[in-house]
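Below, chains carry the letters A, B, ... as their sequence lines are ordered, and counting in each starts from 1. Note that the structure is predicted; figures quoted are calculated from it, not measured.
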Protein chains: 2
Amino acid sequence: MQTDCRNCPFKTKATSMLSECSLDQLSSNHLELKLKKGDSIIKQGTYSTNVVFLRTGLAKIHIAGPYTEQIVKMVNAPSYLGLPTTFGSKINQYSVTAVSDAEVCFIDLEVFQNILDENKEFTREIIQEFCKNELESFHRCANRTQKLIRGNMADAILDFADKIFKADSFVLPLSQVEFANLVDTSRESVSRVLAEFDKDGIIKVNGRQIDILNKKSLIMVSQNG
Amino acid sequence: MQTDCRNCPFKTKATSMLSECSLDQLSSNHLELKLKKGDSIIKQGTYSTNVVFLRTGLAKIHIAGPYTEQIVKMVNAPSYLGLPTTFGSKINQYSVTAVSDAEVCFIDLEVFQNILDENKEFTREIIQEFCKNELESFHRCANRTQKLIRGNMADAILDFADKIFKADSFVLPLSQVEFANLVDTSRESVSRVLAEFDKDGIIKVNGRQIDILNKKSLIMVSQNG
DNA sequence: ATTATTTTGTGATATGCATCACATTGTATA
DNA sequence: TATACAATGTGATGCATATCACAAAATAAT
């Protein structure tokens, strides 16, 4: 597909400053796709030389662990996906799946690399992104294993509210099984703890609709393990 | 301290290809230090605008979790430390401490940024490094929480052997408390499981001296949770 | 050498949560 | 509209492992 990236309304800050030359190269070397909820964006174990730009929508990054599928991260647009894979082994080390309808652009790695080489601002933004991710994963590592399930679930709910939806009412984009895989627990515990939170008046649960009623309590729970 | 980085024997691949100009800049803008085991390299919560190049030695990256200190990663030389902090908030988000004698260079962030801007090869190497780290943290995330303690301890021992020491006999650079913080368990469990592994003839434990006797068994254990 | 302090070994107990089992509801499919 | 299948709710049970409590050993300090 041939779209002019100059007019892409989903550019990140740094992409807006790409040189004309780079924008041209990008325009003529990317494949734009509209995806539906549940569609696979990157498949673990398959070969790939593309970087994926998530223009719109929400996705989950997940890995086949030794026993179950583990969701390691939720990502919302705009964001670049698949860099670790393409810069590394070329075999995807994880899967990415849309959990909402989404639009993505597949960019050839070589083109992406050229753009990096020729646009310092863009490179900085990418590196910053990596830095942020690394810190996040450190914190996740330090939290997840020390807190009890209630704490981790509170964290996850707060993350959805603050980082993903930027609202205290939202529809969970995950089933309880997926939620469990994100929070490192069992499906049953997710069900039970959600019910507890509801009973305690911290959140209101209605199917997958979640309304945070008492954010302070939720934060308290997240801090008490 | 004024040393000529041109002759530094600890350069990484890409650093060897830095432009003359960049090497000059680096030479006249870094502080070289010799550290002893236990010395702090980066302190969580303090302000910093330095990137640290770990020339020689072994370090641990650790974070104050909600309850205990958590070791999120072991790093051996040569390696750059502190990038996520300096590119992000300038307040160190984690601590780094030498667990062996070590040599480090403190490089001003501005200088480091200039070098990134002017040396594509170097930038690529740094990005590759980030990619590798991200993958590692994903895998850690997917493993740690699904495996039982025996599996995680086997993993950690294999990591030390393969990634850190590149030998099947080594002296653990960590106390049992630290080891526990690395593996997300209690000090007591570390003691017990090490004794078990020894009893089963998988490894030989002598104080902190570890000899892997049966690597296949160890790998088996690591895979069975 | 002697004392103090940290590190390690090991039993007994308590508990958070996974697992199993099945009922119930909700949602696609024919 | 009926039927199949997926997602959820909820009790009962078992188990891995954290925690507690000391003893023993090793290391550091005086």
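No side-chain heavy atom of A/Lys60 sits less than 4.5 Å from a side-chain heavy atom of A/Leu182.
Applying the side chain to side chain donor-acceptor pair (under 3.5 Å) rule to B/Ser100 yields no partners; only residues at least two apart in sequence or on another chain are considered.
Atom NZ of B/Lys90 has more than 12 neighbouring heavy atoms from other residues, nucleotides or ligands inside a 6.0 Å radius. Atom NZ of A/Lys36 sits in a sparse spot, with 12 or fewer heavy atoms from other residues, nucleotides or ligands closer than 6.0 Å.
For B/Ser189, a side-chain nitrogen or oxygen approaches OP1 or OP2 of D/dA18 to under 4.0 Å. Under 4.0 angstrom from either OP1 or OP2 of C/dT10 there lies no side-chain N or O belonging to B/Ser191.
One can place CD1 of B/Ile149 at 13 Å from C1' of D/dC15, the figure rounded to the nearest angstrom. Nucleotide C/dT19 holds its C1' atom 15 Å from the CD atom of B/Gln146, rounded to whole Å. B/Lys37 places its NZ atom 13 Å from the C1' atom of C/dT6, with the value rounded to the nearest Å. At whole-Å resolution of the value, CZ in A/Arg208 and P in D/dA6 are 14 Å apart. Rounded to whole angstrom, the span from the CE atom of B/Met153 across to the P atom of D/dA16 amounts to 17 Å. Here the C1' atom of nucleotide C/dG9 and the NZ atom of B/Lys199 are 15 Å apart, to the nearest Å. Protein atom CG of B/Asp198 is 10 Å distant from nucleotide atom P of C/dT10, rounded to whole Å. Distance OH (A/Tyr67) to C1' (C/dC17): 17 Å, rounded to an integer number of Å.
Using modelled atom types, no side-chain atom of B/Thr46 and backbone atom of B/Ile42 make a donor-acceptor pair closer than 3.5 Å.
Ion pairing between a basic and an acidic side chain is recognised when a charged N comes within 4.0 Å of a carboxylate O; B/Lys147 and B/Asp184 show no such pairing. A salt bridge does not link B/Lys199 with B/Glu196: every distance from a Lys NZ or Arg NE/NH1/NH2 to an Asp or Glu carboxylate oxygen is 4.0 Å or more.
A/Phe170 and A/Phe165 have parallel rings, their planes meeting at less than 30° on a 0 to 90° scale where 60° marks the start of perpendicular. By the 30° and 60° cut-offs, the orientation of the rings of A/Phe130 relative to B/Phe130 is parallel.
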Table of protein N/O atoms under 3.5 Å from nucleotides 20-23 of chain D N/O atoms:
unit_1, atom_1, unit_2, atom_2, d
D/dC20, N4, B/Glu188, OE2, 3.3

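Of the residues in residues 173-181 of chain A, A/Ser175, A/Gln176 come within less than 4.0 Å of DNA chain D through at least one heavy atom, sorted by number.
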